[in-house]
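Down below is the structure, laid out as structure tokens.
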Amino acid sequence: MTSKGDMVYAWTTSCDIKGECGGAVTSLLQHALASGMVDGVLAVCRGADLYDAKLKLITDPAEMPKSAGSLHCGTLLSAKMVKKYLGGAKEMKVAVPVKGCDAMAFYELAKRQQINLDNVILIGLNCGGTVSPIIAREMIAEKYGVSPDAVFKEEIDKGQFIIEYTDENGAHQHKGISIEKLEEEPEGYGRRLNCQRCKCKVPRQADLACGNWGVFGEKAGKATFVEICSEKGAALLDSAVSVGAVATCVPEPKGLEIRGKVENAMLKLGERYRAHQFAELGTGRERLEKIMKLSSRCIACRACIENCPVCYCVECSTAKPHLVRPDQVPPDFMFHLIRFAHIADSCINCGQCQELCPMDIPNALFMHAQQVELEKMFGHKPGYDMTLPVLSYAEEGEERARLNATGSDMIFDNVFKE
Amino acid sequence: MELKYVTTICPYCGTGCGLNLIVMDGKAVGVAPYHRSPVGSGKLCTRGLHAAAALAEWRIEEPLIGGQPVEWDAAIAEAKKIANYQGDEIAVAISSRLTNEAMFLVASFAREILGAANIGIVYGGTGASTAKIVDFGKADVVLLIGDVMKKLPITGNKLYHVQKNGGKLLYLGPQSYTAVQADVVVIADEYTELPTELADAIAAAKNPVVAYLANDAAASAIAARLSAKTAILYDTNNGRAATALGLGSFVLGEKTKALFIITETPEMEEDIYATLMPSLANLELIVAVASNATYISDAATVVLPAAASNEYPGTVTSWEGRVQKVRAASAAPGGAKCPCEIISLLADGKYAWEDKAKIFADLVAAVPAYGQIVYEEIEKPEGAFIKEA
Ligand SMILES: Cc1cc2nc3c(=O)[nH]c(=O)nc-3n(C[C@H](O)[C@H](O)[C@H](O)COP(=O)(O)OP(=O)(O)OC[C@H]3O[C@@H](n4cnc5c(N)ncnc54)[C@H](O)[C@@H]3O)c2cc1C
Ligand code: SF4
Ligand code: SF4
Ligand code: SF4
Ligand code: SF4
């Protein structure tokens, strides 16, 4: 029997599962499905190649092995998919593998009553960062001198981005370059910029936090390090062990020590990147001017809103003609101010509003820079628990329902307009 | 319950951004970014973000004669009456949003079976680019004629890379979004000559590129006099293929008595048929192969309901000449059929329609620009490029 706070090495007992480490995550998800704990698993599966990650709802346990393995180019924002397409898990139970930012998104939507977390099992994955697929391919061609199509495995380990590939003679090769070095150089290679700033390396807000950090000694490369983060997580692991789907052992003390050290080093690195990237934005008026200048490229396509895991309003204020004049391109700066006012306090730094902006506006940097300041002022740390942001209505859910009953959930229409 | 991603190409402009349609229980319900797209890295503009809606709005589900629902057999028989007209009385207007395969079949049908004298493309353009999207990254000067960044937003995105690499964007055209983004701007509502300051900057550049819209004849004339690579931007997702197939812009001729028209019109794009409207009343017969209800389908004698983009598989060609796969994400509603099947029915089975690889092979044999392409290469996310002789 395990309980919250415990840590184990775990591995699958199935030879069908070719996991990234011990295959424990795939086995746990398969067990959750087979035992009826959940109706479906929203898994991340390989698409055209290892650079292409796709979400798929798996309902047949036999299909689970297809989703084994880590896809380091994928950032899928599964929380918004659960909200939009799976009814916020209000009527169905799902299990989802999540990186830190995905887990944080689940909390931000759950506290706004858009997802019922009671019906969701979150299997956390430690995350050292992701690389955008096209950048990864370019970087492999330019910096490694290897055809990106020849690569069959990539990972970030011991501070290096390592690729394994087949050379012209058909032999397996591997090559690693320091991540920091790649990221310092002017081409802008390496991890996504938001990942460089990320400090959610071990997602303990999930039910289990799984990774390869800390697997040391005999089990190195063959087991998954699992930290149990909730009673729900403990129940899943115990149940999977009791039917023999997963085997576990006590972790090596040296492994625990290493894991702690690596996590700390990553957090320090994240802090350094924050300081650096935020400093480039300047301060005070200079920062405002920079934001205004870059925002003037905006075509009001709303990709940033559509993809933000925190945005969920039925009627977005940016589409209100009395706040932002319609059909103006670029839109009034108010468009961006509304987004800052509404979600900067809850930005979980997933980076998607920047990566998916057609006009390359560094939206996530603007948002995250503000979130960090707002957190200092009001103490709201988004994505870690169910605490509501101070700047929102204390009873946001009820308040929205009350407004919605008037036929519109717009605060302006209902509260300020006569 | 089933939820999966189907990777396909945006049905709107000629940039050819890849996207994932979110398919739930056989229906396309939304769009998710396809970060693996070599064109846009997952970025999409408003239109791409709403690609799933294109499949849903105002669909035609049954064949119609004079506005009344009929069986397919009756509709096909009625539509075949178009062959009773003389070649010079028949006009064929093809959509620039059909797949390469469907467009090729319609053009073959129009030429070989109808013998139509007037075959053209609605809302197409002319010209074959000598530049590709990656060339923007290498350019030191890019001349933009017209509001290209707004019309093809993700192509516009690549233009920011020019500035990031220390290059300059020059602009000639009316006041516009693109004008605001460029470094050297000459505002002109009409243009025939390149102003000296822009001409000098191009002449001094090492790797100049000129980018303009494929249906902008004035810009094309200016570009023809420059020694710079050209990026000829098609506003529709397969306008480039129409040019490769030798199809010019559609104009309804004076002699026309019967019109065969493909209206494959995703949401938000209805008014592309506006210029045709006033002449329709003079026609004796209009056969419309239509996925969505438009003014044209309302006016048609016979309507043959067709599958929309991303309801039947095939390939499309972006403005750079990149041939990419479009995949069927959901089934066409009601009795609507793949446009290739409709052509096959009208041609009494002369054309095989189901095997799209076979149609592509016929296209390759007929159109030299596609000759270099190995069909299997198109399956890859990078697609394959056509080569204009
Ligand atoms: C982007 C990324 C970075 C990581 N970085 C680290 C790290 O720095 N340190 C560390 O200790 N561990 C890291 N991990 C976790 C590690 O790679 C393994 O996923 C984990 O140890 C579980 O191993 P396993 O064999 O049990 O998993 P498997 O049985 O192979 O299962 C893997 C699960 O991950 C899911 N998955 C794959 N790609 C993604 C994705 N992009 N987003 C969300 N879910 C995904 C799959 O759907 C599958 O369910 C990372 C994982 C990812 C996805
Ligand atoms: S933001 Fe953090 S958790 Fe999310 S992908 Fe990047 S590094 Fe991983
Ligand atoms: S994604 Fe970019 S261009 Fe589109 S609305 Fe947001 S900031 Fe503007
Ligand atoms: S504001 Fe941007 S970075 Fe922050 S959560 Fe939303 S999409 Fe992610
Ligand atoms: S730029 Fe063109 S191809 Fe890309 S999403 Fe917009 S309309 Fe679609």
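Each chain gets a letter, A, B and so on, in the order the sequences are listed, and its residues count up from 1.
Within the 4.5 Å cutoff, no side-chain heavy atoms of A:Lys56 are placed close to those of B:Tyr5. Inter-residue side-chain proximity for A:Asp360 and B:Asn157 is flagged as met; some heavy-atom pair is nearer than 4.5 Å. With a 4.5 Å cut-off on side-chain heavy atoms, B:Pro153 and A:Met359 count as touching.
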Could you list the donor-acceptor pairs under 3.5 angstrom formed by side chains in residues 85-92 of chain A, with sequence neighbours left out?
residue: A:Lys90; atom: NZ; partner: A:Gln113; partner atom: O; Å: 2.9

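The contact between A:Arg302 and chain B is made entirely by backbone atoms, counting heavy-atom distances below 4.5 Å. For A:Asp39, no part lies near chain B; criterion is any non-hydrogen pair under 4.5 Å.
When the candidates B:Ile154, B:Leu44, B:Val180 are compared by the number of heavy-atom contacts under 4.5 Å with chain A, B:Leu44 comes out ahead. Heavy-atom pairs under 4.5 Å with chain B were tallied for A:Glu355, A:Arg137, A:Met81; the largest tally goes to A:Arg137. Heavy-atom pairs under 4.5 Å with chain A peak, among B:Lys158, B:Met149, B:Lys4, B:Gln181, at B:Gln181. Most heavy-atom pairs under 4.5 Å with chain B, from the set A:Ala303, A:Ala48, A:Pro330, A:Ser296: that is A:Ala303.
Note that the CD atom of A:Glu306 and the OG1 atom of B:Thr46 stand 9.5 Å from one another [nearest 0.5 Å].
In this structure, the side chain to side chain donor-acceptor pair (under 3.5 Å) partners of A:Asp52, at least two apart in sequence or on a different chain, are A:Lys54. In this structure, B:Lys356 has no salt bridge (Lys or Arg N to Asp or Glu O under 4.0 Å) partners at least two apart in sequence or on a different chain.
Among residues 20-37 of chain B, the residues having any heavy atom closer than 4.5 Å to a heavy atom of chain A are, in sequence order, B:Asn20, B:Ile22, B:Met24, B:Val29, B:Gly30, B:Val31, B:Pro33, B:Tyr34, B:His35, B:Arg36, B:Ser37.
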